[in-house]
There are 2 protein chains.
Amino acid sequence: MLNQSLDLAFQALSDATRRDIVARLAGGPLSVSELAKPLPMSLPAVLQHLSVLENAGLVVSAKSGRVRTCRLEPSAIAQAEQWLTAQRGEWERRLDRLAEYLNSPEGDAT
Amino acid sequence: MLNQSLDLAFQALSDATRRDIVARLAGGPLSVSELAKPLPMSLPAVLQHLSVLENAGLVVSAKSGRVRTCRLEPSAIAQAEQWLTAQRGEWERRLDRLAEYLNSPEGDAT
DNA sequence: GCGATAGTAAAGCATATGCTTAACCAATCG
DNA sequence: CGATTGGTTAAGCATATGCTTTACTATCGC
């Protein structure tokens with residue numbers, strides 16, 4: 001499959017809990033337990049969400065002593081963003097060309 | 001849940017078949033069977049993918065006679081795009097401020 | 001009307017997802 | 001050392017997802 005990484009990125013972002021994690025990491029790196037504190041679920045559940053995000057390349061983490069610190073990886077996010085921009089952009093260019101055609105003399109149903 | 005629509009949009013885009021459908025619709029509206037023709041699966045399966053995309057607001061369709069024509073809905077795509085831009089943007093602004101601080105006189109470990 | 005074409009509906013099934021609890025390991029702290 | 005804090009692993013479970021096949025309806029062209 002081409003673009004399996006987009007599969008993983010979009011799949012990771014399809015969950016509100018994981019988007020919340022991403023949004024909070026956008027404000028700066030956090031440890032696992034800091035991430036888990038406000039979330040209404042067990043710590044292992046949060047770990048599973050983090051592993052989905054890491055697997056998708058959206059988040060990277062490193063362990064120092066006994067605390068694992070997580071931070072955002074913007075390049076994977078940018079990749080998903082660019083795919084969306086490309087599709088919407090293409091479609092909007094099409095609509096523009098259509099409008100242009102309809103406003104041109106040959107476009108009129110004269 | 002806030003932003004359930006983002007759930008649906010990202011979830012819809014997490015499947016390669018559905019992204020293929022979106023990409024082809026970006027080139028212009030297509031009927032259900034035109035969409036289904038190149039896909040390696042049964043027609044009902046394609047219908048299910050389309051219903052996911054419509055449910056997410058990414059695609060709209062209308063039936064005329066016996067043919068249903070599908071087209072892209074850019075506003076839902078733009079919403080997902082904007083969410084991504086916001087998170088990545090926030091993180092990159094943070095990094096910029098950090099770099100600025102490290103380059104300033106007070107940032108030096110003199 | 002009759003057959004082909006375009007789409008729908010329903011049921012079933014294998015696998016994936018999002019949690020839980022229980023048990024466990026490893027770095028601190030007193 | 002022993003208790004606590006921070007994280008990890010494994011197993012189990014309910015529900016969701018992505019297909020399939022079968023059967024059925026609605027429209028178009030002759």
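All figures in this text were calculated on a predicted structure; none of them were measured in a lab. Naming: A, B, ... by sequence-line order, numbering from 1 per chain.
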Let me know the distance between CD of Gln11(A) and P of dA16(D), rounded to the nearest Å.
15 Å

Are Glu92(B) and Arg88(B) close enough for a salt bridge, meaning some N to O gap below 4.0 Å?
yes

So if I take every side-chain heavy atom of Ala45(A) and compare against dT21(D), dT8(D), dT20(C), which nucleotide ends up nearest?
dT20(C)

Arg71(B) side chain near Leu25(B) side chain, heavy-atom distance below 4.5 Å:
no

Under 3.5 Å, is there a donor-acceptor pair between the side chain of Arg18(B) and the main chain of Leu53(B)?
no

Assess whether a salt bridge exists between Asp20(A) and Arg24(A), defined as any Lys/Arg side-chain N lying under 4.0 Å from an Asp/Glu carboxylate O.
yes

Does a side-chain N or O of His49(B) approach OP1 or OP2 of dT17(D) to a distance below 4.0 Å, or not?
no

Heavy atoms under 4.0 Å, any strand shown: does Ser33(A) hit a base, just sugar-phosphate, or nothing?
sugar-phosphate

Please report, rounded to the nearest Å, how far the C1' atom of dC25(C) is from the CG atom of Leu43(A).
14 Å

Point-to-point distance, once rounded to the nearest 0.5 Å, from CD of Glu54(B) to CD of Glu73(B):
10.5 Å

Is there a side-chain polar atom (N or O) of Ser42(B) under 4.0 Å from OP1 or OP2 of dT20(D)?
yes

What about Gln48(A): does its side chain form a donor-acceptor pair under 3.5 Å with the base of dT20(C)?
yes

Heavy-atom nearest pair, Arg19(A) first then Ser14(A), reads NH1-C, 3.7 Å

Rounded distance (Å) that lies between atom P of dA6(C) and atom NZ of Lys37(B)
8 Å

Any salt bridge linking Glu34(B) with Lys37(B)? Criterion: basic side-chain nitrogen under 4.0 Å from a carboxylate oxygen.
no

Figure out the CG/P separation between Leu47(B) and dA10(C), and round it to whole Å.
13 Å

Any side-chain N or O of Thr17(B) under 4.0 Å from OP1/OP2 of dG18(D)?
no

Tell me, which of residues 50-68 of chain B have any heavy atom that sits under 4.0 Å from an atom in DNA chain C?
Lys63(B), Arg66(B), Val67(B), Arg68(B)

Quick note, Asp15(A) side chain, CB onward, closest among dC19(C), dT22(D), dT20(C) is dC19(C)

On DNA chain C, compare the nucleotides closest to Glu34(B) and Met41(A); which residue's is nearer the 5' end?
Glu34(B)

The side chain of Pro44(A) lies closest to which of these nucleotides: dT22(D), dA22(C), dT17(C)?
dA22(C)

When the distance from CG of Leu13(A) to P of dT17(C) is rounded to whole Å, what number comes out?
14 Å

To the nearest angstrom, how far is Asp7(B) atom CG from dT15(D) atom C1'?
16 Å

